[in-house]
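These figures come from a predicted structure and were not determined experimentally.
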Amino acid sequence: MTQRIITLIIKANETTSDIKSVLTIAAHDADVQKHLKKERNAEMFVYVFIIYIAFMVFLFIVYILAAYFLPAIPSASGTAQTGMPLITDFDLDAYTMIFFHAAMIQGFCSGIVAGKMGAGNIRSGIKHSLTMMFIAYLVFAFLI
């Protein structure tokens, strides 16, 4: 932004000798840019918040599946009628690990999208990614 304003001042100074009007125009342009950036950040915060909510819903569903639904499958298959086995080889730890990996991938990708939408570049999404992945790790480490 500074480079843009300096270029504007140099070009305007080449066309006119009235430096006061040039600086007034440059100051007004800088104020407009600052206001637009603030407005964009305020509007994008809502979308970043929606991404976090969507991730939490995903994590809640994965938690319910891994904590309550999957552990009940082996006992349900034992009560099935003979000759009609529903599940012959069920590995609870493997399915839990799949859900864990799905939550970590979802957290990483959602964080990248949140960073791109919120700040305008992907590098700032790393902090969102790390936050979401840490939350997913805590859920799987302490609740499941």
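One distance of note links CZ of Phe55 with CD1 of Ile51; it measures 12.0 Å at 0.5 Å rounding. In this structure, CG in Leu65 is found 4.5 Å from CZ in Phe99, a value given to the nearest 0.5 Å.
Closest of all the heavy-atom pairs between Met117 and Arg40 is O-NH2, 3.8 Å.
Scanning for side-chain contact (heavy atoms from CB on, under 4.5 Å) contacts around Phe49 gives Ile53, with sequence neighbours left out. For Asn121, the side-chain hydrogen bond (donor to acceptor under 3.5 Å, both in side chains) partners at least two apart in sequence or on another chain are Ser124. Residues forming a side-chain contact (heavy atoms from CB on, under 4.5 Å) with Ile98 (at least two apart in sequence, or on another chain): none.
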When the side chains of residues 128-144 are checked against the rest of the protein, which donor-acceptor pairs come out under 3.5 Å, sequence neighbours left out?
| unit_1 | atom_1 | unit_2 | atom_2 | d |
| --- | --- | --- | --- | --- |
| His128 | ND1 | Tyr52 | OH | 2.9 |
| Ser129 | OG | Phe108 | O | 2.8 |
| Ser129 | OG | Ile112 | N | 3.2 |
| Ser129 | OG | Gly125 | O | 3.1 |
| Thr131 | OG1 | Lys127 | O | 2.8 |

Only pairs under 3.5 Å count here: list side-chain donor-acceptor contacts from residues 23-38, not counting sequence neighbours, and write none if there are none.
| unit_1 | atom_1 | unit_2 | atom_2 | d |
| --- | --- | --- | --- | --- |
| Thr24 | OG1 | Lys20 | O | 2.8 |
| Asp29 | OD2 | Arg4 | NH1 | 3.3 |
| His35 | NE2 | Glu39 | OE1 | 3.4 |

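Residues in residues 93-102 take part in no side chain to side chain donor-acceptor pair (under 3.5 Å) pair, two or more places apart or across chains.
For Ile122, the CD1 atom counts as loosely surrounded, since its 6.0 Å shell holds 12 or fewer non-hydrogen atoms of other residues, nucleotides or ligands.
With hydrophobic clusters built from ILVMFWY side chains whose heavy atoms lie under 4.5 angstrom apart, Phe45 does not share a cluster with Met56. At a threshold of 4.5 Å between side-chain heavy atoms, the hydrophobic network of Ile, Leu, Val, Met, Phe, Trp and Tyr places Ile61 and Ile105 in two separate groups.
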